[in-house]
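To keep things clear, I will list the structure first and then write my remarks on it.
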Amino acid sequence: MNSRGSRIKQALEARAVRKQHALASALGVHESAITRWKEDGTMSLENAIALCKELDVSADWLLLGIGHMDQHKERAEIAPPYTELFAHLSPAAAAALTKFIRLIAADS
């Protein structure tokens, strides 16, 4: 499993973020903070959430290495009556259930 810093670098590349200054400004931090995060330095929960929102990546993936970068988008695709049930599941169980639902839907 790769480190949080390497996942941050991967997300920056995937989202075509070339200028750390612009990202730092959007997050309200100094550029050195982003450099520190990319090297696995400390990061507050508030900054982690803001970074996930700004880069539109899954917090589970960025912080814990669970799932993949865009898994948060998959949950949004599930019909609303079921989304509240996902809040009670672990990320792994939610991903497995999502995959199962898609398999069933593909057979229909």
Side-chain angles (χ1 to χ4, degrees):
M1 180 183 297
N2 55 12
S3 69
R4 178 176 39 90
S6 63
R7 288 189 298 276
I8 290 172
K9 291 174 190 174
Q10 183 181 351
L12 293 172
E13 185 175 319
R15 301 304 189 238
V17 175
R18 306 267 186 259
K19 305 284 184 180
Q20 277 190 192
H21 178 73
L23 179 60
S25 179
L27 296 173
V29 299
H30 193 274
E31 285 180 72
S32 64
I34 296 172
T35 300
R36 186 174 58 249
W37 301 341
K38 290 178 0 184
E39 299 303 322
D40 292 318
T42 60
M43 172 186 242
S44 72
L45 182 57
E46 292 81 13
N47 285 334
I49 292 168
L51 183 62
C52 288
K53 286 181 181 179
E54 189 66 29
L55 296 178
D56 191 24
V57 298
S58 163
D60 289 339
W61 173 79
L62 187 76
L63 299 175
L64 305 172
I66 297 171
H68 57 86
M69 188 183 309
D70 293 317
Q71 77 181 17
H72 63 295
K73 293 177 182 180
E74 293 174 0
R75 289 184 186 172
E77 296 171 5
I78 297 172
Y82 302 105
T83 54
E84 65 187 48
L85 298 173
F86 279 75
H88 303 289
L89 298 175
S90 70
L97 184 56
T98 299
K99 185 176 180 180
F100 178 70
I101 292 170
R102 286 201 173 119
L103 286 171
I104 293 171
D107 283 346
S108 298

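Being a predicted model, the structure only gives us computed values, none of them experimental.
Gln71 places a side-chain N or O within 3.5 Å of a backbone atom of His68 that can act as its donor or acceptor partner. Panel note: side chain Asp40, backbone Gly5; a donor-acceptor pair is recorded below 3.5 Å. Counting only distance, with no hydrogens or angles, the side chain of Arg4 and the backbone of Gly65 share no donor-acceptor pair below 3.5 Å. A donor-acceptor pair is defined here as one N or O able to donate and one able to accept, closer than 3.5 Å; such a pair exists between the side chain of Arg15 and the backbone of Leu55.
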Inset, instruction - Take Val57 and Arg7 through the test side chain to side chain contact (heavy atoms under 4.5 Å, CB included) and record every step on the way to the result. - result: CA-CA 10 Å; Val57 298; Arg7 288 189 298 276; over 6 Å; no
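Between the NE2 atom in His30 and the OG atom in Ser25 there is a gap of 11.5 Å [rounded to 0.5 Å]. Note that the CD1 atom of Ile8 and the CG atom of Asn2 stand 11.0 Å from one another [nearest 0.5 Å]. Leu62 contributes atom CG, which lies 5.5 Å from atom CG of Leu51 (distance to the nearest 0.5 angstrom). The distance from atom NZ of Lys19 to atom CG of Leu12, rounded to the nearest 0.5 Å, is 14.0 Å.
When all heavy atoms are compared, the tightest approach of Arg36 to Thr42 is NE-O, 3.8 Å. In this structure, Lys9 and Lys38 approach most closely via the heavy-atom pair CE-O, 3.2 Å. Residues Ser44 and Asn47 come closest through the heavy atom pair OG-N, 3.0 Å. Nearest heavy atoms, Ala11 versus Met69: CA-CE, 4.0 Å. Smallest separation of non-hydrogen atoms from Ala48 and Leu63: CB-CD2, 3.7 Å. Nearest heavy-atom pair across Asp70 and Asp56 is OD1-O, 3.9 Å.
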